[in-house]
Amino acid sequence: MDTATMLKTEKQAITIGISVFTFAFAIPLGLSFAFTSFVSMDKTLAAALPLIAISQSFTVFISISVLLTELKILNTNVGRLALSSAMFTDVVSVPMVTLIFAVMQVKTSHKNMVTLLWILLSIGALLVVIFYVMRPTMIWYVGRLNGKPIDEFCIVCIILCVLFTAFCSEFIGQHYSMGPIFLGLAVPEGPPLGSTLISKMETLSVGFLYPLYLAVSGLQTDIFKINFQATWIITVIVVVAFVAKIIAVILPGYYYKVPMKDCVVIGLVLNGRGIAELSMYNLMKSGQLLTGQVFSFLVLTLILINGIISPLVKLTYNSSAEYRSGKRISIQHTKQDSELRIMVCFNKDENIPTMFNIVEASCASTESNVEVIAVHFVELLRRSRPLLLAHQPYDTLPVTICDSTQLDNALKQYTQLNEGCAHVQSFTSISDFDTIHEDVCRISLDRRANILIMPFHKRWEIDGTVEVENRGIQKINIKVLERAPCSVGILIDRAILSGSPSLLIGKSAYYVGVLFIGGADDAEALAYASRMARHECVNVSVIRFLVFGEANSKDRKYETDLVDEYRNYNNRNSRFKITEEVVKDGIEFASIIRRMVDCFDLVMVGKSHPQSILLHGHDQWSECPELGVIGDMLASQGFVTKASVLVVQQQRIGGRFINHNVIPSPRDHPVGNVTMDESPGHSCSISVVKSDI
């Protein structure tokens, strides 16, 4: 955990954290005092009831983090706010727990206030040693390594420090875990020390000791010892604390204009329980503060609450709804001279040259600026939660992506080459690949990207062989295609085979081919290519495939009007050409593509197409369904070519094709309205209605 991040929690999370702790602490505790005063019960239960009420007020960061990870909403707005609120609640509750233990020790040993003062001073002295002696020593030692791996001597010394702080905690009357917890906060997070400790200790602790601890706790739980009187009293306190946390989120959430549904979901999540609560119950039981029946019932409530929370959150919260945009921001539906926002994502340096060739080909100019949002994927391994850096508001993140010199150079070259008409922003997403698509969609929505370009999960070697680089990238691409608030492109990078020229370095010609069959996605690829044609080094060839015998079809007329608009706009541009190929079937269609594809450095094609005879035979199997039928064919190992491929999906609104759209003309006024039918059993058609202008 990054201690600096804990102190930089945003006001919204701080307010929710304070509200949750206050409500969940005061209301159940007051109710417990009312029960002990007005309801007859066993003396042991009466003595334990205030402690049970206090235990319900804690919202432990690690428990919430694990729950959010399992629900796969850790990187959503709700997940981030819940995690930040839990973090601040921990900041408040940890000193509270420490004070309670000190008071309990004084009370059980019948000592005076001088003893309590000595305990508190001892705790302060231990914290000073941890944060002002041990932490600086660790930082100094890591600095001496000069980038070398952490050696065993350092690991052994830290383990000895763990034992030392645990002994000191017991010696001053606290639980032995207090010292190691604060020592964990003091250890510098991330590589090289933090990540090395995790890799060394995780297998033993998480793989062996953790399940063993759960098993022992389960064996100590005897539900047959629970009696009715203890059941209804504790149930009331637990339910009241549960509801109090939800209300405590709703009140500040209303002030900060957080949607009510999100407030309820955050409240449910903050009621999550885990290993920390179980350890607390075990500690109370070993200290004879809880009887066996009360302990068993509390463990049962822990299981039931977690069992209720998960289905309720899944039922009430859909994270993809956060990224649905009601505004048309695809390239086709924006003016040709408006600012173009391109978001490029990558996880390896090999994709950078081709990515930035596409960015440079987008033609930044004083009349039409280009904004580039670069996102670097860093897969978080051997962890249950992402690094906290990735959970902060994106405006607070530093503009450094990684240690990639190649990327830094590409960003500098692009900025210098297009000074005054291009802007660059960069982010790092450090997260598990199961949830990293949430970061991608959020950044694209916040930065109002028109198109985001994703890397492909396969890599071509210089000898032509193909390797699966990371299957996680394929899963990310599928989820991004489903949820992205803008158009999406998947880049199949074969530049290593062709030695494609770099538009950032020289003025070499760059050839782009567009395969146009029909449909919204092909229209988006055509619109993007039309913009590229304005670049002095980019030559665009649009190959429109027409099915023999369908000259009078309604769909063809609509698409002809659309293509003619771009032809007319580029009629004075010799670098933009449109050719038509009349084909009879899928075999002839594939042979034409094979014959001409190597003439280009980049081939653009839409992901989805209307039902057509051209696709028959190619849609029987699909190795990469995220590419569509044609994209999958172009990316297959059996399709020998040196050209890179950009598979384009136009922005969906509400998960569907955009309906009743206005296509901005290549000039400054709309050309007409576009309607698309995606209902089952219908082909996707584009209808262009000419305007009066």
Side-chain angles (χ1 to χ4, degrees), residues 1-8 58 60-66 86-102 105 119-145 149-210 213 274-280 282-283 382-385 387-389:
M1 186 186 293
D2 185 0
T3 51
T5 306
M6 296 173 64
L7 304 176
K8 296 178 182 178
F58 299 139
V60 183
F61 171 84
I62 186 62
S63 301
I64 306 303
S65 175
V66 171
M87 187 191 306
F88 188 79
T89 306
D90 260 3
V91 174
V92 178
S93 61
V94 168
M96 177 71 70
V97 172
T98 304
L99 182 61
I100 290 173
F101 269 101
Q105 185 192 16
I119 293 174
L120 296 178
L121 290 175
S122 300
I123 294 172
L126 178 59
L127 294 181
V128 168
V129 172
I130 291 174
F131 285 99
Y132 292 98
V133 177
M134 294 183 178
R135 178 178 172 84
T137 303
M138 288 185 283
I139 295 175
W140 169 80
Y141 189 85
V142 170
R144 289 180 64 251
L145 296 176
I150 301 296
D151 52 25
E152 293 296 328
F153 175 77
C154 182
I155 301 297
V156 171
C157 288
I158 291 177
I159 293 176
L160 291 176
C161 289
V162 171
L163 299 177
F164 173 75
T165 54
F167 171 77
C168 292
S169 300
E170 281 287 337
F171 183 76
I172 61 179
Q174 294 293 304
H175 191 261
Y176 64 83
S177 63
M178 185 201 75
I181 287 175
F182 282 109
L183 180 62
L185 291 174
V187 172
E189 70 284 347
L193 186 55
S195 56
T196 301
L197 284 172
I198 290 173
S199 63
K200 294 283 187 181
M201 302 170 66
E202 189 176 41
T203 301
L204 177 63
S205 59
V206 178
F208 178 69
L209 296 178
Y210 177 67
Y213 181 78
I275 184 65
E277 288 80 5
L278 182 61
S279 300
M280 186 188 307
N282 274 295
L283 180 61
R382 307 179 65 85
R383 284 221 181 195
S384 60
R385 61 177 179 84
L387 294 178
L388 296 178
L389 175 65

Quiz prompt | Minimum heavy-atom distance between M134 and F164, given as atom pair plus value | solution = CE-CD2, 3.7 Å

Quiz item: Excluding sequence neighbours, so at least two apart, what forms side chain to side chain contact (heavy atoms under 4.5 Å, CB included) with P192?
Solution: V142, I150

Exercise. Applying side chain to side chain contact (heavy atoms under 4.5 Å, CB included), name anything that partners Y213, two or more places apart in sequence or on another chain.
Key: S217, I275, L278, S279, N282

Quiz item: About how many Å separate CG of L126 and CG of L121, when rounded to the nearest 0.5 Å?
Solution: 12.5 Å

Practice problem: Tell me, please, which residues at least two apart from V162 pass side chain to side chain contact (heavy atoms under 4.5 Å, CB included). | Solution: P180, L183

Self-check item: Residues which pass side chain to side chain donor-acceptor pair (under 3.5 Å) with T165, listed by chain and number, not counting sequence neighbours
Solution: none

Quiz item: Which pair of heavy atoms, one from F58 and one from E277, lies closest together, and at what distance?
Solution: O-OE2, 4.3 Å

Self-check item: Those residues that, when tested against S205, pass side chain to side chain donor-acceptor pair (under 3.5 Å) (two or more places apart)
Solution: none

Listed pairs under 3.5 Å, donor-acceptor, residues 151-160 side chains, sequence neighbours left out:
residue : atom : partner : partner atom : Å
D151    : OD1  : Y141    : OH           : 3.1
D151    : OD1  : C154    : N            : 3.1
D151    : OD2  : Y141    : OH           : 2.7
E152    : OE2  : K200    : NZ           : 2.7

Quiz item: With sequence neighbours left out, what residues match F182 under side chain to side chain contact (heavy atoms under 4.5 Å, CB included)?
Solution: V94, L127, I130, F131, M178, L185

Quiz item: Say you draw a straight line from CG of L193 to CD1 of I198; how long is it, rounded to the nearest 0.5 Å?
Solution: 10.0 Å

Quiz item: Taking S169 for the side chain and S177 for the main chain, is one N or O donor matched with an acceptor at less than 3.5 Å?
Solution: no

Practice problem: Kindly give the heavy-atom pair with the smallest separation between P188 and M138, and that separation in Å. | Solution: CD-CB, 4.3 Å

